[in-house]
Trainee: 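First the structure, then my questions, so here it is.
Numbered from 1 within each chain, the chains take letters A, B, ... in sequence-line order.
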Protein chains: 2
Amino acid sequence: MNKTPSDDFYYALVAFLMQTKQHIVTVAVEHGLTGVQALTLLSLKSRDERSMTELCKQYDCDASNVTGIVDGLEQKGLVSRQPHPHDRRIKLIHLEEAGRTVQKKLIADIAGTSPDMFNGLADAEIEQLAALIQKMNP
Amino acid sequence: MNKTPSDDFYYALVAFLMQTKQHIVTVAVEHGLTGVQALTLLSLKSRDERSMTELCKQYDCDASNVTGIVDGLEQKGLVSRQPHPHDRRIKLIHLEEAGRTVQKKLIADIAGTSPDMFNGLADAEIEQLAALIQKMNP
DNA sequence: CTAGATATTTGACACTGTCAAGCATTAATC
DNA sequence: GATTAATGCTTGACAGTGTCAAATATCTAG
């Protein structure tokens, strides 16, 4: 990174992080999920079968952490552990149909019940923000 | 919110949230703070003396939560509880000089050691992102 | 084939966050 | 002005989250 944003940016960034996370957690609990379970479910794309390790590398957390989270999602039937075709050590996390359904509900609720989430931004600016965040995490 | 971003935006948003939070936590631990202590310290502007309640409303968390976090920061001498001039129930959280110093170090480390935080964004785009996030949390 | 590396899991333990209850202080009602 | 209600903060109990060290199973390199 060449450019260093101002201190004010970091105040705002932290506020944005905490507010957004809290909002997602609140919606998650209404759907019978814990906060991290919802965040993990939301991070899974339909096709994309990632291994436990890939997931924990992406979030820079301990592998044992992922075990517990996936356990919870698997018990609810939202994801399943699939064997890797060429490496029996690896377990691929597969998003089940039920998981996709819950995921869609979560997204709808997060978007729908968050009049304040993008508070102060015009539609065009929301699109800009969405584009930038997607560019960082393609 | 009139505009509803695509599902892909939410995958990216969640990834951004988790990565950024993890990155801040990592830097925090290097400075002897817990993750939430660092986030709270980072959210305090120099002048701005907010009450416990204001802080917990901003993050939509329980008041008792803030008590513990401020306890930790106060023990380290980074913030202090000041009496409100007109209401003796209220305690205002004051950022001490030492707290401001640590805050600046945190920001420098977060910015400096995060070549990946804004990965894929050009300088102009980082400025755009910073402006949008600041606009949401003025 | 053996030694080392990798993927995941388990159990122990600290940190985080919520809830219910309690104390002190202020505001509202009579 | 006295009583009741509301607000701000703290405490203690308890679920959730995250890390570490150790263990197992499997793969890779020499």
Side-chain angles (χ1 to χ4, degrees), chain A residues 14 17-19 21-41 43 49-76 79-94, chain B residues 14 17-19 21-41 43 49-76 79-94:
Chain A
V14 167
L17 288 178
M18 294 179 79
Q19 282 169 13
K21 190 200 158 207
Q22 269 306 98
H23 185 240
I24 291 176
V25 169
T26 303
V27 172
V29 171
E30 292 168 0
H31 286 267
L33 297 174
T34 68
V36 186
Q37 283 172 1
L39 285 165
T40 304
L41 188 65
S43 78
E49 294 196 321
R50 271 174 299 170
S51 69
M52 312 287 282
T53 298
E54 279 169 335
L55 206 57
C56 80
K57 270 183 190 158
Q58 180 175 354
Y59 301 131
D60 189 26
C61 76
D62 196 89
S64 63
N65 200 1
V66 178
T67 298
I69 299 169
V70 173
D71 279 351
L73 291 172
E74 198 170 25
Q75 279 171 17
K76 295 184 171 70
V79 306
S80 60
R81 287 172 163 93
Q82 301 291 339
H84 188 283
H86 304 311
D87 189 337
R88 281 181 295 172
R89 292 172 302 180
I90 297 176
K91 295 176 184 171
L92 296 171
I93 305 166
H94 173 73
Chain B
V14 168
L17 288 178
M18 295 178 77
Q19 282 169 13
K21 189 200 157 208
Q22 269 307 96
H23 184 241
I24 292 176
V25 169
T26 303
V27 172
V29 171
E30 292 168 0
H31 287 268
L33 296 175
T34 69
V36 187
Q37 283 172 1
L39 285 165
T40 304
L41 189 65
S43 76
E49 293 196 321
R50 271 175 299 170
S51 69
M52 312 287 281
T53 299
E54 279 170 336
L55 206 58
C56 80
K57 269 182 192 162
Q58 179 175 354
Y59 302 131
D60 189 26
C61 77
D62 196 88
S64 63
N65 199 2
V66 178
T67 297
I69 299 168
V70 173
D71 280 350
L73 291 172
E74 199 170 25
Q75 280 170 18
K76 294 183 171 71
V79 306
S80 60
R81 287 171 163 96
Q82 300 291 338
H84 187 283
H86 303 311
D87 189 335
R88 279 182 296 174
R89 291 172 303 182
I90 298 176
K91 295 176 185 171
L92 296 172
I93 305 167
H94 174 73

Trainee: Measure distances between side-chain N and O atoms of A:Arg88 and base N and O atoms of D:dT26, and say whether any donor-acceptor pair falls under 3.5 Å.
Mentor: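 Such a pair does not exist between side chain and base.
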Trainee: Provide, to the nearest angstrom, the distance between the CG atom belonging to A:Asp60 and the P atom belonging to D:dT19.
Mentor: 8 Å
Trainee: Toward the 5' end of DNA chain C, which comes first, A:Gly68 or B:Gln37, by nearest nucleotide?
Mentor: A:Gly68
Trainee: Select one nucleotide: of C:dT26, D:dC9, C:dT18, the one nearest the side-chain heavy atoms of B:Ser51.
Mentor: D:dC9
Trainee: Nearest whole Å is fine: how far is D:dC9 C1' from B:Asp71 CG?
Mentor: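 Result: 11 Å.
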Trainee: Within this structure, what is the CE-to-P distance between B:Met52 and D:dG8, rounded to whole angstrom?
Mentor: 12 Å
Trainee: Using whole Å, report how far CG of A:Leu39 lies from C1' of D:dG16.
Mentor: 13 Å
Trainee: Calculate the interatomic distance between A:Arg81 atom CZ and C:dT9 atom C1'; express it in whole Å.
Mentor: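 The answer, rounded to whole Å, is 9 Å.
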Trainee: When you get a sec, tell me which of C:dT9, C:dC15, D:dT26 is the closest nucleotide to the side chain of A:Ala63?
Mentor: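 Side chain of A:Ala63 sits closest to C:dT9.
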Trainee: For A:Asp62 and D:dA21, what is the distance between atoms CG and C1' respectively, to the nearest whole Å?
Mentor: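 From A:Asp62 CG to D:dA21 C1': 10 Å.
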Trainee: Is the base of D:dC20 touched by the side chain of A:Ser64 through a donor-acceptor pair closer than 3.5 angstrom?
Mentor: yes
Trainee: Choosing from C:dG17, D:dT11, C:dC19, which nucleotide comes nearest the side chain of B:Thr67?
Mentor: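 Selected nucleotide: D:dT11.
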Trainee: To the nearest 0.5 Å, how far apart are CD in B:Glu54 and CD1 in B:Ile93?
Mentor: 9.0 Å
Trainee: Are A:Arg89 and C:dA5 close enough that a side-chain N or O sits under 4.0 Å from OP1 or OP2?
Mentor: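 No, no such contact exists.
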Trainee: Between CD of B:Gln37 and NE2 of B:His31, what distance do you get to the nearest 0.5 Å?
Mentor: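 If I round to the nearest 0.5 Å, the distance is 13.5 Å.
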Trainee: Under 4.0 Å between any heavy atoms, over every strand shown, what does A:Gln22 touch: base, sugar-phosphate, or nothing? Just pick one.
Mentor: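 If one applies the 4.0 Å heavy-atom cut-off, A:Gln22 turns out to touch the sugar-phosphate alone, with no base involved.
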Trainee: Taking only side-chain nitrogens and oxygens of B:Asn65, does any of them come within less than 4.0 Å of OP1 or OP2 of C:dT18?
Mentor: yes
Trainee: Considering only D:dG8, D:dC20, D:dG18, which nucleotide approaches the side chain of B:Lys21 most closely?
Mentor: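 Of the options given, the side chain of B:Lys21 lies nearest D:dG18.
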Trainee: Rounded to the nearest 0.5 Å, how far apart are CE of B:Met52 and OG1 of B:Thr67?
Mentor: 4.0 Å
Trainee: Donor-acceptor pair, distance only, cut-off 3.5 Å: does the side chain of A:Gln22 make one with the backbone of B:Asp60?
Mentor: yes
Trainee: In whole angstroms, how far is the P atom of C:dC23 from the CG atom of B:Asp87?
Mentor: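 These atoms are roughly 20 Å apart.
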Trainee: Looking at every strand, decide which applies to A:Thr53 at a 4.0 Å heavy-atom threshold: base, sugar-phosphate, or nothing.
Mentor: sugar-phosphate
Trainee: Using atom CZ of B:Arg50 as one end and atom C1' of D:dC9 as the other, report the distance to the nearest whole Å.
Mentor: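 It is 17 Å, rounded to the nearest whole Å.
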Trainee: Start at the 5' end of DNA chain C and walk down; is the nucleotide closest to A:Lys57 or to B:Val36 reached first?
Mentor: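 Its nucleotide being nearer the 5' end, the pick is A:Lys57.
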Trainee: What's the separation between atom CG in A:Leu17 and atom NE2 in B:His23, rounded to the nearest 0.5 Å?
Mentor: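 Answer rounded to 0.5 Å: 12.0 Å.
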